[in-house]
Structure formats: structure tokens, C-alpha cells
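Scope of the values below: all heavy atoms of this structure, side chains included, with no hydrogens, waters or symmetry mates.
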Amino acid sequence: MSRSSRPVRFAAAFLAVSCAALPARAEDMPVIKVEMRDGVILPATIEVPANTRFKLEISNTGQSPVEFESTELKREKALAAGSTSSIVFRTLDPGTYQVFDDFHPEAKATLVAK
């Protein structure tokens, strides 16, 4: 190996090791879809992976604004009518968490991490 190719090989090896240590990209994580519609959260039981990074994709298919909220998870996301947004969860311990629509108090669901 020539002296001039050593820095290039070192840089390539360093880049390969650095990329391997990066966290998973958003495209690589599980996506769980939730629909909110004028006082209804679907599904009523939202199953998510425990101890795994995941994305919760929330779509408001109704005619009024909604707010996905969980006091236990300390998460909330308001959405205008017809919009979609996401919340990325690093990990959740196995368990059951209550969620609700803050704008429609009758709308409740359960998020189950297993």
C-alpha cells in the first residue's frame, strides 16, 4: 500500500464505523397510524412496540381540530382538520397508557406497549 492511499483508506474506514453507530433513521422505524375524527380515536387500542423507537402518525380526518394527548407520556400534538403529523417515541416501557383528544373529552383510547 502506498503512503498516499493510507489517508484515504483510513478516512473510508472511519466513515464506515461512524455511520454504523448512528441511530436508526425515521424511515427505518415502525410507523403506527392513528386516525382522529371529530371525537373519535381509531383504533381504540393502539398497539406499539415496547423498548423500540417508533413513529406515531396521526391523521385528523374530521372537520374540527383535534389534540392527541397523554398526560402519562407527557406528549401532545394538535392538528387542524384534514392534516397529518407525527410524534417519534424513543422507547416506551411495556405497559398501558391512556390517550385522549383534548378538544373532544369524550374521545379516549389506550396505547399498549408490548
Side-chain angles (χ1 to χ4, degrees):
M1 172 175 14
S2 70
R3 286 186 168 258
S4 63
S5 66
R6 283 185 188 161
V8 172
R9 286 186 178 211
F10 176 77
F14 179 76
L15 183 61
V17 170
S18 297
C19 289
L22 292 175
R25 296 185 327 226
E27 299 85 36
D28 296 338
M29 70 180 82
V31 177
I32 291 76
K33 296 186 180 212
V34 174
E35 177 184 355
M36 298 181 74
R37 180 181 61 237
D38 301 321
V40 177
I41 301 173
L42 298 171
T45 301
I46 306 161
E47 293 187 8
V48 301
N51 303 314
T52 303
R53 184 179 169 111
F54 68 92
K55 183 188 327 186
L56 197 64
E57 183 178 282
I58 307 160
S59 296
N60 180 1
T61 60
Q63 301 298 310
S64 61
V66 298
E67 183 174 7
F68 179 92
E69 186 163 349
S70 174
T71 307
E72 296 167 287
L73 297 171
K74 298 181 176 110
R75 298 291 180 104
E76 59 185 284
K77 177 70 81 170
L79 290 96
S83 65
T84 298
S85 189
S86 299
I87 302 172
V88 174
F89 289 83
R90 290 182 180 258
T91 62
L92 283 182
D93 290 333
T96 302
Y97 305 90
Q98 300 306 309
V99 298
F100 58 96
D101 178 349
D102 203 24
F103 297 154
H104 303 91
E106 71 281 4
K108 297 179 180 171
T110 304
L111 189 140
V112 179
K114 54 182 174 175

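- Between the side chains of E35 and T61, at least one donor-acceptor pair of N or O atoms lies under 3.5 Å.
- Both L111 and I87 are assigned to one and the same hydrophobic cluster, defined by single-linkage of ILVMFWY side chains at heavy-atom distances under 4.5 Å.
- In this structure, F100 is not a member of the same hydrophobic cluster as V40, with clusters built from ILVMFWY side-chain heavy atoms closer than 4.5 Å.
- Linking Ile, Leu, Val, Met, Phe, Trp and Tyr whenever their side-chain heavy atoms come within less than 4.5 Å leaves L56 and M29 in two separate clusters.
- Connection of V66 to I32 is established within a shared hydrophobic cluster, with ILVMFWY side chains joined at heavy-atom distances below 4.5 Å, either directly or through further cluster members.
- Shown here for D93 and A50, the closest heavy-atom pair between the two residues is C-CB, 4.4 Å.
- Applying the side chain to side chain contact (heavy atoms under 4.5 Å, CB included) test between V34 and each of I46, V99, L42, N60 identifies I46 as the sole match.
- When all heavy atoms of I41 and A107 are compared, the pair lying nearest together is CD1-O, 3.7 Å.
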Working for side chain to side chain contact (heavy atoms under 4.5 Å, CB included), residues V48 and V112: CA-CA 6 Å; V48 301; V112 179; over 6 Å; no
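- Judged by the 6.0 Å distance and 45° axis criteria, R53 is not positioned over the aromatic ring of F89.
- Contact detail for L92 and A113: the closest heavy-atom pair is CB-CB, 4.1 Å.
- Residues K77 and E67 are not paired through a salt bridge, judged by the lack of any N-O separation under 4.0 Å between the basic side chain and the carboxylate.
- Counting all heavy atoms, side chain and backbone alike, S59 lies closest to T84 at OG-OG1, 3.1 Å.
- Enclosure of atom CD in E106 by more than 12 non-hydrogen atoms of other residues, nucleotides or ligands within 6.0 angstrom is indicated.
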Worked check of side chain to side chain contact (heavy atoms under 4.5 Å, CB included) between F68 and M36: CA-CA 8 Å; F68 179 92; M36 298 181 74; 3.7 Å; yes
Pair S64-D38, side chain to side chain donor-acceptor pair (under 3.5 Å): steps then yes or no: CA-CA 6 Å; S64 61; D38 301 321; 2.8 Å; yes
Derivation and outcome, salt bridge (charged side-chain N to carboxylate O under 4.0 Å, His left out), residues R75 and E69: CA-CA 6 Å; R75 298 291 180 104; E69 186 163 349; over 6 Å; no
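- Side-chain heavy atoms closer than 4.5 Å link hydrophobic residues (I, L, V, M, F, W, Y) into clusters, and following such links, possibly through other members, connects Y97 to I58.
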